[in-house]
Amino acid sequence: MLGIKGGAQQDKFLGGAWKISKLMAEPLKENILLNSPVVNIVQTKSHVEIFTENRGFVAKNVIVAIPSPLIPRINFQPSLPQNKLQLFNQMKMGSVIKVHFAFSYPFWRAQGLSGAAASTNHHLSVVFDQSPNDEKVGILVGLIEGNHAIELSKLDQETRKKKLIDDLIHYFGSAAANPIEYIEQDWIKEEWSQGGYAAHMPPNLMTKYGNEISTPTGLIHWAGTETATEWMGYLDGALQSGIRAAQEIIDLQK
């Protein structure tokens with residue numbers, strides 16, 4: 001998970017990972033409906049009806065690809081099987097805040113440091129060098145996880161920033177004291193994720209109900225990174241789940 005070569009942190013996306021969604025969305029254009037959460041899914045023998053607060057759609061099949069703890073917010077008719085409900089109701093999101101600190105240059109490199117750090121005792125549990133190739137600016141990306149994230153999420157942004165700068169000073173010295181910009185993403189406070197990086201299963205839940213996470217419910221198919229068999233919680237896991245769910249529907253048309 002921490003590996004730079006051959007690991008989860010090996011690659012970066014030029015322009016940011018959001019460009020994946022942007023490039024996928026461009027050819028679809030008006031077929032993408034934003035700011036319209038689904039509130040009801042009605043399944044019959046022949047089709048599925050999907051309802052937002054003010055619109056309805058009819059489809060042969062539907063793929064649900066949202067964080068597992070949010071699935072019970074949707075009213076399914078008929079109700080989902082009890083085993084599926086047990087699974088989704090007991091899965092919980094982790095607690096994560098992601099931050100970026102920008103500096104006028106990557107000062108740590110001049111000190112012979114990698115810009116990477118890991119700790120269980122400090123709020124910034126993981127730090128990586130996120131600087132662009134031209135080194136016109138130095139950027140450190142950090143992750144606050146678990147109890148540290150829960151604690152810092154309760155604070156105002158300036159207090160949180162100060163505590164995180166203290167951690168950077170501990171890791172990289174006094175040159176980290178004055179970043180030129182600070183950006184944060186508190187996933188705990190996001191209504192449509194409620195945490196990160198993905199939903200996890202408490203003890204015994206996977207053993208009892210784990211297979212339910214990707215098993216279709218009639219015409220309803222399940223995707224999302226939580227359903228992946230590799231790199232669950234990562235973009236790669238989300239991609240794998242989408243390919244699998246799409247193939248399930250393609251196979252039904254044969």
So for atom [atom1], which belongs to [X], do other residues, nucleotides or ligands contribute more than 12 heavy atoms lying within a distance under 6.0 Å?
{"X": "E230", "atom1": "CD", "answer": "no"}
{"X": "N211", "atom1": "CG", "answer": "no"}
{"X": "N35", "atom1": "CG", "answer": "no"}
{"X": "L14", "atom1": "CG", "answer": "no"}
{"X": "N31", "atom1": "CG", "answer": "yes"}
{"X": "D251", "atom1": "CG", "answer": "yes"}
{"X": "N147", "atom1": "CG", "answer": "no"}
{"X": "E53", "atom1": "CD", "answer": "no"}

For the student: nearest non-hydrogen atoms of [X] and [Y], plus distance:
{"X": "Q240", "Y": "T229", "result": "OE1-N, 2.9 Å"}
{"X": "P179", "Y": "K161", "result": "CG-CE, 4.4 Å"}
{"X": "A65", "Y": "G224", "result": "CB-N, 4.0 Å"}
{"X": "D186", "Y": "S153", "result": "OD2-OG, 2.6 Å"}
{"X": "P72", "Y": "N89", "result": "CG-OD1, 3.3 Å"}
{"X": "I139", "Y": "S131", "result": "N-OG, 3.0 Å"}

Determine, using the 4.5 Å side-chain heavy-atom cutoff (strictly less than), whether [X] and [Y] are members of one ILVMFWY cluster.
{"X": "V96", "Y": "L235", "result": "no"}
{"X": "I50", "Y": "L252", "result": "no"}
{"X": "I180", "Y": "L164", "result": "no"}
{"X": "V48", "Y": "V39", "result": "no"}
{"X": "Y171", "Y": "V126", "result": "no"}

Does the side chain of [X] reach to within under 4.5 Å of the side chain of [Y], using non-hydrogen atoms?
{"X": "F76", "Y": "I71", "result": "yes"}
{"X": "L124", "Y": "I144", "result": "yes"}
{"X": "M201", "Y": "Y209", "result": "no"}
{"X": "P67", "Y": "Q194", "result": "no"}
{"X": "S36", "Y": "R55", "result": "no"}
{"X": "L168", "Y": "F103", "result": "yes"}
{"X": "E212", "Y": "Q86", "result": "no"}
{"X": "V141", "Y": "K12", "result": "no"}

Tell me whether the rings of [X] and [Y] are parallel (<30°), tilted (30 to 60°) or perpendicular (>60°).
{"X": "H148", "Y": "H123", "result": "perpendicular"}
{"X": "Y197", "Y": "W187", "result": "perpendicular"}
{"X": "F172", "Y": "F107", "result": "perpendicular"}

Are side-chain N/O atoms of [X] and [Y] paired as donor and acceptor at under 3.5 Å?
{"X": "S119", "Y": "N121", "answer": "no"}
{"X": "T227", "Y": "R244", "answer": "yes"}
{"X": "W222", "Y": "T217", "answer": "yes"}

Starting from the C-alpha separation in whole Å, work towards a yes-or-no answer on side-chain contact (heavy atoms from CB on, under 4.5 Å) for V99 and R160. CA-CA 10 Å; V99 298; R160 184 164 46 248; over 6 Å; no
Between S125 and L143 (side chain of the first, backbone of the second, donor and acceptor by atom type, cut-off under 3.5 Å), is there such a pair? yes
Kindly say whether Y234 contributes a backbone atom to a donor-acceptor pair with the side chain of T225 at under 3.5 angstrom?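 Judged by distance alone, yes, a pair lies under 3.5 Å.
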Run the numbers on I213 and M91 for side-chain contact (heavy atoms from CB on, under 4.5 Å), then give the verdict. CA-CA 10 Å; I213 198 164; M91 292 183 71; 3.8 Å; yes
Supply the atom-to-atom distance [X] [atom1] to [Y] [atom2], rounded to the nearest 0.5 angstrom.
{"X": "H47", "Y": "F57", "atom1": "NE2", "atom2": "CZ", "answer": "14.5 Å"}
{"X": "K84", "Y": "S68", "atom1": "NZ", "atom2": "OG", "answer": "10.0 Å"}
{"X": "L205", "Y": "H200", "atom1": "CG", "atom2": "NE2", "answer": "10.0 Å"}
{"X": "L152", "Y": "I188", "atom1": "CG", "atom2": "CD1", "answer": "9.0 Å"}
{"X": "I150", "Y": "S95", "atom1": "CD1", "atom2": "OG", "answer": "4.0 Å"}
{"X": "E135", "Y": "D129", "atom1": "CD", "atom2": "CG", "answer": "8.0 Å"}

Evaluation steps, side-chain contact (heavy atoms from CB on, under 4.5 Å), between F101 and I165: CA-CA 9 Å; F101 287 92; I165 289 175; 3.6 Å; yes
For the pair L70 and W192, evaluate side-chain contact (heavy atoms from CB on, under 4.5 Å) and give the outcome as yes or no after the intermediate values. CA-CA 7 Å; L70 298 183; W192 302 111; 4.3 Å; yes
Between E190 and Q185, does the side-chain hydrogen bond (donor to acceptor under 3.5 Å, both in side chains) criterion hold? Intermediate values first, please. CA-CA 9 Å; E190 282 291 322; Q185 173 62 49; 3.1 Å; yes
Pick one: which of I74, L87, L85 meets side-chain contact (heavy atoms from CB on, under 4.5 Å) with L80?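 The single option meeting the side-chain contact (heavy atoms from CB on, under 4.5 Å) with L80 is L85.
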Electrostatic pair D167-K163, nearest N-O below 4.0 angstrom: no
